[in-house]
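Worksheet for the structure shown next.
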Amino acid sequence: MKRLLTTLLTSILFLTSNCQILNVSFDYSTYMLSDKRPFVETYLLIDGKSVNYVVNDINLESKIDITMIFKNGDDLAEFRHFIVSNPPLPDTTEIFPDFTDVQRIFIPQGIYNFELKIRDLNAPDSLKKTITRHEIITIDIPQKQTAISGIELLGSFTPTLEKTINRKNGYECIPFCSSTFNAENEYLRFYTEFYNIANEIGNLGTCNVYTFIRDALTLKTIQGHSSSQSINAMNHYQFLKEINIKKLPTGKYFLVVEIRDNNNNLCSSAAKYFERENIIITPKPYEYANKTLRNANTFSNIDTLTNIINNLKYIADNEELETIEKVVKSADLTTIQYFMFNFWTQRNQFNPDIAMADYVKRIEIAEQNNYSTSQKQILFRYGMPNSIIADNAKPYIVWHYYKIGNLSNIKFVFKTGDNNSLLHSNMPCETKDIDWQKKLFGNQKSTTEETTIFEGL
């Protein structure tokens, strides 16, 4: 019995062929065993309605051919080739459920060029095409300091005694490979691990785990979607969590996990990007009456504060933009300081003063370097890049971040001669343009050096 099927290589890659789409979603996470051995866990979610089946005895059988290649430079670090098949289905069924595959790959810490190849072996020869995905996978988990593993999004987790590759902390954890939660997804579930807490706090101590959702563009913490709990200090701790997102509006977000000591000092943090598609729900704004930042006296000059507030427009939402206009026009020191407290407490409830001071430093950097509007937005959201590639003879500037949250090898390409506007990035919530290279180079090919510079884009 032949079924029409697809494979969506996620993070959001669609390939069509003769009106047929092979639909498979991919994600991964990085972990470390108690003996410090690191590994990558890969997750495939295969759309059961999009694959081709053949009758094997009285059951329907699919055969999805998977190849995974990890390279460290030109050296082959790991190679896997295997077949993924569906759970048994009677040949009379009209229901074709999705099915998953999880691989656990032990590999040293480092930066790897990852290649994934997928094809449906039961598809007709004319449609038996290989879909390929390339990605940079970084394994960088500190061996001694408090650390957080990758964050795995879950479709569900249920108690189990059966020992399978999906069993974690006594639960059967089914991967949720998409980065998009639609209106039907009422809960965000995830799994992560904490390392080396006892090394810093002591075996008899405790620490606090905070989870919250942050707007990816405004950096605001979304009210009603945060929680905290105290845990014992251990060097290997498995953490499962479920967050109700029924009232989370449509938007782009980061799920943030923080480990803090009992003095609220940050020990480690991690973030996972996701998107929400939901009916428009506006969260209630925070209200803090008559409160100011501890460092308010440092910023007591009206002109200085006005300049800072004007630069907040780069990370403000629409409601805040309206407030900023009113606050600036008022030129009232007390009003401005109250607004600053409200603004920064919504972005860092533990240390709004530090958040503001860090932002002021970024403003100073932007002014010293005469950054464009696009460059300011990226700088203010993510901080200074680890490296900047700029050459007056080239039509581009590339900013490279080794890590942003749990995302590795993030790059931003700015087009020179066009007010250094952001042309393209592999950051999920930022500008993307599939024709960005053509807009930079026309029909000319990039050089070998540029191929390395643009790797991952």
Side-chain angles (χ1 to χ4, degrees), residues 11 27-33 36 38-43 109 111 135-154 157 168-169 173 175-177 179 181 188-201 207-216 219-222 225-231 233-243 245 252-261 264-275 347-351 355 358 381-383 386 401-410 426-429:
S11 297
D27 201 1
Y28 72 92
S29 192
T30 57
Y31 298 101
M32 184 170 65
L33 293 182
K36 307 298 184 184
F39 63 93
V40 176
E41 214 169 64
T42 63
Y43 315 110
Q109 300 217 50
I111 301 175
E135 189 158 334
I136 303 294
I137 292 181
T138 301
I139 308 175
D140 181 20
I141 302 175
Q143 301 288 297
K144 296 182 180 179
Q145 304 102 316
T146 299
I148 301 177
S149 73
I151 297 176
E152 177 190 358
L153 299 178
L154 301 175
F157 58 85
K168 294 170 179 172
N169 199 26
C173 297
F176 181 84
C177 296
S179 62
F181 291 78
L188 185 155
R189 304 175 179 93
F190 69 94
Y191 171 85
T192 189
E193 295 182 356
F194 307 145
Y195 308 120
N196 309 320
I197 299 176
N199 289 347
E200 292 196 19
I201 297 177
C207 64
N208 299 305
V209 179
Y210 293 88
T211 60
F212 54 93
I213 293 174
R214 173 178 290 158
D215 189 292
L219 311 183
K220 289 178 67 172
T221 299
I222 306 301
H225 295 82
S226 59
S227 66
S228 65
Q229 68 185 76
S230 177
I231 65 170
M234 301 170 62
N235 282 333
H236 195 150
Y237 191 96
Q238 296 176 306
F239 187 81
L240 279 161
K241 186 74 176 177
E242 178 180 86
I243 301 175
I245 58 172
K252 300 178 179 183
Y253 300 97
F254 282 106
L255 164 66
V256 182
V257 179
E258 293 184 346
I259 301 174
R260 291 180 175 269
D261 64 22
N264 269 337
N265 296 311
L266 181 63
C267 301
S268 186
S269 67
K272 180 79 171 181
Y273 176 78
F274 72 96
E275 296 182 9
R347 287 156 174 80
N348 189 330
Q349 60 178 312
F350 300 105
N351 289 301
D358 179 62
R381 286 174 188 163
Y382 311 115
N386 296 101
Y401 294 77
Y402 297 155
K403 288 186 78 69
I404 296 177
N406 273 39
L407 304 174
S408 302
N409 196 46
I410 299 300
N426 59 348
M427 185 67 184
C429 59

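Bear in mind that the values here come from a model prediction, so they are computed numbers and not experimental data.
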*Please confirm whether His225 and Phe212 have ring centers closer than 6.0 angstrom.*
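Judged by ring-centre distance (under 6.0 Å), His225 and Phe212 do not meet the cut-off.
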Between [atom1] on residue [X] and [atom2] on residue [Y], distance to nearest 0.5 Å:
{"X": "Thr146", "Y": "Ile259", "atom1": "OG1", "atom2": "CD1", "result": "6.0 Å"}
{"X": "Tyr273", "Y": "Ile410", "atom1": "OH", "atom2": "CD1", "result": "11.0 Å"}
{"X": "Asn426", "Y": "Asn409", "atom1": "CG", "atom2": "CG", "result": "6.5 Å"}
{"X": "Asn265", "Y": "Ile201", "atom1": "CG", "atom2": "CD1", "result": "10.0 Å"}
{"X": "Leu188", "Y": "Leu255", "atom1": "CG", "atom2": "CG", "result": "5.5 Å"}
{"X": "Glu242", "Y": "Leu154", "atom1": "CD", "atom2": "CG", "result": "10.0 Å"}

*Please walk me through it: do Ile111 and Tyr402 pass side-chain contact (heavy atoms from CB on, under 4.5 Å)?*
CA-CA 10 Å; Ile111 301 175; Tyr402 297 155; over 6 Å; no
Quick check: does any side chain N or O of [X] sit under 3.5 Å from a backbone N or O of [Y], one acting as donor and the other as acceptor?
{"X": "Tyr195", "Y": "Met32", "value": "yes"}
{"X": "Glu275", "Y": "Ser179", "value": "no"}
{"X": "Arg381", "Y": "Leu219", "value": "no"}

*Determine the interplanar angle of the Phe239 and Phe190 rings, folded into 0 to 90°, and report it as parallel if under 30°, tilted if 30 to 60°, perpendicular if over 60°.*
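Rings of Phe239 and Phe190: tilted, as their planes differ by 30° to 60°.
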*Between Tyr31 and Tyr191, how do the two ring planes meet: parallel, tilted or perpendicular, split at 30° and 60°?*
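Tyr31 and Tyr191: tilted rings.
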*Lys272 and Thr192 side chains, donor-acceptor separation under 3.5 Å*: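 No.
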*Scan side-chain atoms only and decide if Lys36 and Asn235 contain a donor-acceptor pair under the 3.5 Å cut-off.*
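Note: Lys36 and Asn235 side chains miss the donor-acceptor criterion.
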Minimum-distance pair of heavy atoms, taken over all atoms of [X] and [Y]:
{"X": "Asn196", "Y": "Pro142", "result": "ND2-O, 3.1 Å"}
{"X": "Val256", "Y": "Glu258", "result": "CG1-CG, 4.0 Å"}
{"X": "Ala216", "Y": "Tyr382", "result": "O-OH, 4.2 Å"}
{"X": "Ala233", "Y": "Ala198", "result": "O-CB, 3.8 Å"}
{"X": "Asn406", "Y": "Gly150", "result": "ND2-CA, 3.1 Å"}
{"X": "Tyr28", "Y": "Glu135", "result": "CE2-OE2, 2.9 Å"}

_Over 12 non-hydrogen atoms of neighbours within 6.0 angstrom of CD1 in Ile231_ =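 It does: Ile231 CD1 has more than 12 such atoms within range.
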*Got more than 12 heavy atoms from elsewhere within 6.0 Å of NZ, Lys403?*
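Atom NZ in Lys403 is packed in, count exceeds 12.
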Side chain proximity check, [X] to [Y], heavy atoms < 4.5 angstrom:
{"X": "Gln109", "Y": "Ile139", "value": "yes"}
{"X": "Arg260", "Y": "Ser228", "value": "no"}
{"X": "Leu407", "Y": "Tyr401", "value": "no"}
{"X": "Cys207", "Y": "Asp261", "value": "no"}
{"X": "Tyr210", "Y": "Asn264", "value": "yes"}

*asked:* As a quick check of understanding, evaluate side-chain contact (heavy atoms from CB on, under 4.5 Å) for Phe181 and Leu153, giving each step before the final call.
replied: CA-CA 11 Å; Phe181 291 78; Leu153 299 178; 4.0 Å; yes
*Evaluate side-chain contact (heavy atoms from CB on, under 4.5 Å) for Val257 paired with Phe194, printing each intermediate quantity in order.*
CA-CA 10 Å; Val257 179; Phe194 307 145; 3.9 Å; yes
*Going through the distances and angles, do Leu240 and Cys173 end up as a side-chain contact (heavy atoms from CB on, under 4.5 Å)?*
CA-CA 9 Å; Leu240 279 161; Cys173 297; 3.9 Å; yes
